[in-house]
Amino acid sequence: MKRGGVINAALAGALARLGHTDELLICDSGMPLPAGAEVVDLAFVAGIPSFADVLDGILAEIVVEGATAAEEVRAGNPACAALLGERLPGLAYVPHERLKQLSAASRLVVRTGEAHPYANVILRCGVAF
């Protein structure tokens with residue numbers, strides 16, 4: 001049994017299989033799930049687990065070389081925008097409809113229980129060396 005970090009077996013395994021430049025989508029409970037991606041659905045009830053908790057857990061496990069969010073997050077969910085800006089320097093913004101299109105390339109989708117709009121981000125994996 002893992003001592004710490006991500007203990008969800010499906011998520012831990014999926015994260016371990018990601019390679020350099022692979023993309024993963026962390027999304028709220030309302031984001032359409034792209035076809036063909038591995039999906040780890042963590043949603044339990046509205047708000048649990050939160051987007052912030054899932055993002056922090058994943059950021060502790062992987063190296064991120066780039067990230068993209070919906071530009072609408074700044075007006076539609078300022079708390080999430082602040083969180084993303086703090087955790088992901090250099091975050092790129094695109095229109096929400098474009099984010100949905102880009103999410104189709106995600107190898108992994110992690111669905112949270114977040115019930116606030118635009119709590120979605122695509123992370124591009126980096127390498128630890």
Point to revise | Ion pair Glu38/Arg17, N-O distance below 4.0 Å | key: yes
Atom [atom1] in [X], atom [atom2] in [Y]: separation rounded to 0.5 Å?
{"X": "Tyr118", "Y": "Glu71", "atom1": "OH", "atom2": "CD", "result": "10.0 Å"}
{"X": "His116", "Y": "Asp28", "atom1": "NE2", "atom2": "CG", "result": "10.5 Å"}
{"X": "Leu24", "Y": "Leu15", "atom1": "CG", "atom2": "CG", "result": "7.0 Å"}
{"X": "Leu55", "Y": "Cys80", "atom1": "CG", "atom2": "SG", "result": "8.0 Å"}
{"X": "Glu23", "Y": "Arg107", "atom1": "CD", "atom2": "CZ", "result": "12.0 Å"}
{"X": "Leu84", "Y": "Phe51", "atom1": "CG", "atom2": "CZ", "result": "4.5 Å"}

Exercise for review: Please write out which residues are connected to Val94 in a hydrophobic cluster, directly or through intermediates, given that two of Ile, Leu, Val, Met, Phe, Trp, Tyr count as joined at side-chain heavy-atom separations below 4.5 angstrom.
Suggested key: Leu25, Met31, Leu33, Val39, Leu99, Leu102, Val109, Ile122
Is there side-chain contact between [X] and [Y], with heavy atoms separated by less than 4.5 Å?
{"X": "Cys125", "Y": "His20", "result": "no"}
{"X": "Leu88", "Y": "Leu59", "result": "yes"}
{"X": "Val121", "Y": "Thr68", "result": "no"}
{"X": "Val40", "Y": "Arg111", "result": "no"}
{"X": "Arg124", "Y": "Asp22", "result": "no"}
{"X": "Leu42", "Y": "Asn8", "result": "yes"}

Point to revise | Donor-acceptor pair, side chain of Thr112 and main chain of Cys27, under 3.5 angstrom | key: yes
Check your understanding: Looking only at atom types and distance, does a side-chain atom of Ser106 sit under 3.5 Å from a main-chain N or O of Ser103, one as donor and one as acceptor?
Key -> yes
Exercise for review: Would you name the heavy atoms of Thr21 and Glu65 that are closest together and state the gap between them?
Suggested key: CG2-OE2, 4.0 Å
Study note, to complete from the structure: Smallest heavy-atom separation, Ala46 atom then Ala115 atom, equals CB-CB, 4.3 Å
